[in-house]
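Written out below as structure tokens is the structure these notes cover.
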Amino acid sequence: RSTLKEFVDATIAQGSSVLTDGWAGYGGNAIQGKAHHPINVKQSGREAHQVLPAVHRVFALLHRVLLGTYQGAVRPKHLDAYLAEFEFRFNRRHAASRTLLFQRALSCAVATKPPEYWRLVGRTSPRVPLPTAA
């Protein structure tokens, strides 16, 4: 619950409405300060994809992207980057100027400091070369 509360506090604005399934972990103060509307899927008498269609649609699309586009080759250390790309594309799927998508992505890439090579290859710190004898 403490991890969930930290996530909720960091990502959901105070006073927002939150629609969830009936998981017990959402109880207590995990979603405090938000209008929480839990729906118990089992008690509803309907299928989960009928009760929370948007959630299932997003996860089905994400599943298709990870298995189709990346051919199942997604590794845990790069999962955040894959999810960030999915979020970027998903949030702009109905944009009026979809032709500018590449330009926006390029603008973001140019405006961001490039990562150091040692971070890309998963090292925890750079390897400093030893001084050579003169």
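Aromatic ring pairs are classed by plane angle as parallel below 30°, tilted from 30° to 60° and perpendicular above 60°; the pair Tyr82 and Tyr70 is tilted.
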Item to complete: Decide side chain to side chain contact (heavy atoms under 4.5 Å, CB included) for Leu62 and Phe90; before the verdict, give the C-alpha distance in whole Å, the side-chain angles of both, and the deciding distance to 0.1 Å.
Response: CA-CA 9 Å; Leu62 175 62; Phe90 184 82; over 6 Å; no
Worksheet item: Could you walk me through whether Lys34 and Asp9 pass the side chain to side chain contact (heavy atoms under 4.5 Å, CB included) check?
Response: CA-CA 10 Å; Lys34 283 83 176 165; Asp9 290 343; 3.5 Å; yes
Practice prompt. Evaluate the criterion side chain to side chain contact (heavy atoms under 4.5 Å, CB included) for residue pair Trp23 and Leu4; output intermediate values, then yes/no.
Written response: CA-CA 12 Å; Trp23 182 54; Leu4 177 61; 3.9 Å; yes
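Between Leu52 and Thr20, the shortest heavy-atom contact is CD1-C, 4.5 Å. Residues Arg75 and Gly72 come closest through the heavy atom pair NH1-O, 4.1 Å. Closest non-hydrogen pair, Thr112 versus Cys108, comes out as OG1-O, 2.7 Å. Minimum interatomic distance between Val51 and Ser44 (heavy atoms only, all atoms of both residues): CG2-OG, 3.3 Å. Residues Ser16 and Ala13 come closest through the heavy atom pair OG-O, 2.8 Å. Summarising the geometry of Pro115 relative to Leu120, their closest heavy-atom pair is CG-CD2, 3.8 Å, with the distance given to 0.1 Å.
Rounding to the nearest 0.5 angstrom, the gap separating the NE2 atom in His63 from the CZ atom in Phe86 is 12.0 Å. Here the NE2 atom belonging to His37 is positioned 10.5 Å from the CD1 atom belonging to Ile31, to the nearest 0.5 angstrom.
The same ILVMFWY cluster, assembled from side-chain heavy atoms under 4.5 Å apart, contains both Leu83 and Val58. Clustering ILVMFWY residues whenever any of their side-chain heavy atoms sit less than 4.5 angstrom apart, transitively, puts Leu61 in the very cluster that holds Leu66. A single hydrophobic cluster is seen to contain both Val8 and Val18, as judged by linkage of ILVMFWY side chains at heavy-atom distances under 4.5 Å, directly or through other members.
The number of heavy atoms from other shown groups lying within 6.0 Å of CZ (Phe7) does not exceed 12.
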